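Since the structure is predicted, the reported quantities are computational estimates derived from the model, not experimental observations.
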Amino acid sequence: MRLVRGIERRLEQVVEGVAGRVFRGSLHPVEMAARLVREADLATTGGPVGPIAPNAYALHLNPNDIAQISQPDRLNRELEATIEATASERGWRLDGPARVWLESSEDVKAGRLTVRPATETGTRRAWAELVSNNDSFPIRVNRAVVGRAEECDVRVPVASVSRRHCLAWQEAGEMWVADLNSANGTYVNGVNAVQPVAVFSGDTIVLGATPFTFEVR
């Protein structure tokens, strides 16, 4: 409910005072966002490190409804922000930046919409980073696997770091780290992260024998 209220507040702020100029049709942006989140939830699948959601969404609307939208780019950006916020709140992994766009379709009745989800890989903006004396390692995807292997989301080429060492993610308004059965362990401020541990900007995360400072972007 907190997430839904937050989405409604964001979209209502977009249209407040300029609703007639932003969206004059029978569909309200809050309704569109609720439908988008519902379709994203239905399309979410279980992955090896947790839920994975599509990041690209085509919204099919009747041409008459699309004609009523005076600022479609602004609406798209807010709907993309809705997907990003939902993914962070629910712990979804997105393999690329959220992207939402409108498509005209005569097959869709006025006042209705259909949603076509897809996955488009791409470089995401970092939400945090691991900083050592010599380097920094950005964390870009939610549910990021950190380790020495080249296929890891965050590759840390240090001998004491396991190939798949730990998992870092955002969920329920917090950030978390959990060990992935690494050989030398993961510690957050001295606490063994064999179970998920909440982390905050400035915390010390030790991977094997190497300390890092966790910094939020």
Side-chain angles (χ1 to χ4, degrees), residues 2-11 13-14 23 27 29-61 66 69 71-105 108 112-130 137-147 149-155 164 166-178 180 196 216-217:
R2 180 181 62 182
L3 176 64
V4 172
R5 286 194 294 269
I7 290 171
E8 290 179 351
R9 281 196 296 268
R10 282 184 59 86
L11 289 166
Q13 287 168 5
V14 171
F23 200 92
L27 281 170
V30 172
E31 296 177 73
M32 297 178 71
R35 175 65 181 276
L36 183 60
V37 169
R38 184 165 66 252
E39 294 295 334
D41 191 27
L42 290 172
T44 297
T45 58
V49 294
I52 303 173
N55 64 296
Y57 298 85
L59 273 56
H60 296 262
L61 286 81
I66 286 186
I69 305 174
Q71 299 182 47
D73 289 343
R74 186 180 183 188
L75 177 62
N76 290 344
R77 299 298 83 77
E78 288 301 325
L79 293 174
E80 288 167 356
T82 295
I83 289 295
E84 292 285 354
T86 304
S88 295
E89 179 68 19
R90 298 188 180 178
W92 294 347
R93 177 185 172 107
L94 303 178
D95 283 321
R99 194 165 79 88
V100 177
W101 66 98
L102 306 179
E103 291 188 5
S104 178
S105 175
V108 180
R112 304 287 183 87
L113 79 156
T114 61
V115 180
R116 178 170 55 83
T119 296
E120 297 178 349
T121 58
T123 302
R124 293 181 52 79
R125 182 176 61 84
W127 57 272
E129 62 182 339
L130 297 174
F137 302 90
I139 304 174
R140 300 185 184 279
V141 297
N142 204 10
R143 296 195 173 275
V145 177
V146 182
E150 290 189 9
E151 62 269 21
C152 286
D153 301 304
V154 183
R155 184 169 182 260
R164 287 168 53 90
C166 69
L167 187 68
W169 75 100
Q170 304 173 82
E171 186 173 5
E174 296 196 73
M175 292 161 287
W176 304 86
V177 168
L180 292 176
V216 177
R217 288 284 188 91

Heavy-atom donor-acceptor pair, [X] side chain to [Y] backbone, under 3.5 Å:
X: E171; Y: W176; answer: no
X: W92; Y: T86; answer: no
X: R143; Y: R93; answer: no

Minimum heavy-atom separation for [X] to [Y], with atom names?
X: V100; Y: E80; value: N-OE2, 3.0 Å
X: V141; Y: L94; value: CG1-O, 3.8 Å
X: R124; Y: G96; value: NH1-O, 2.9 Å
X: A98; Y: I83; value: CB-CG2, 3.8 Å
X: A56; Y: W101; value: CB-CZ3, 3.9 Å
X: N142; Y: A87; value: ND2-O, 3.4 Å

Self-check item: E151/R164 ion pair, N-O < 4.0 Å
Solution: no

Exercise. Could you go through the side chain to side chain contact (heavy atoms under 4.5 Å, CB included) check for E78 and M32 one step at a time?
Key: CA-CA 11 Å; E78 288 301 325; M32 297 178 71; over 6 Å; no

Self-check item: side chain to side chain contact (heavy atoms under 4.5 Å, CB included) assessment of I52 paired with T119
Solution: CA-CA 10 Å; I52 303 173; T119 296; 5.8 Å; no

Quiz item: How would you list, by chain and number, every residue that makes a side chain to side chain donor-acceptor pair (under 3.5 Å) with R140, sequence neighbours excluded?
Solution: none

Self-check item: Listed partners of E120 passing side chain to side chain donor-acceptor pair (under 3.5 Å), at least two apart
Solution: R99

Exercise. Could you grab the distance from atom CG of D153 to atom CG of D95, nearest 0.5 Å is fine?
Key: 8.0 Å

Exercise. With sequence neighbours excluded, give me every side chain to side chain donor-acceptor pair (under 3.5 Å) pair touching residues 39-55.
Key: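 The answer is R35-E39.
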
Quiz item: How about N76 and L102: do any of their side-chain heavy atoms sit closer than 4.5 Å?
Solution: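 Result yes, sub-4.5 Å side-chain heavy-atom pair found.
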
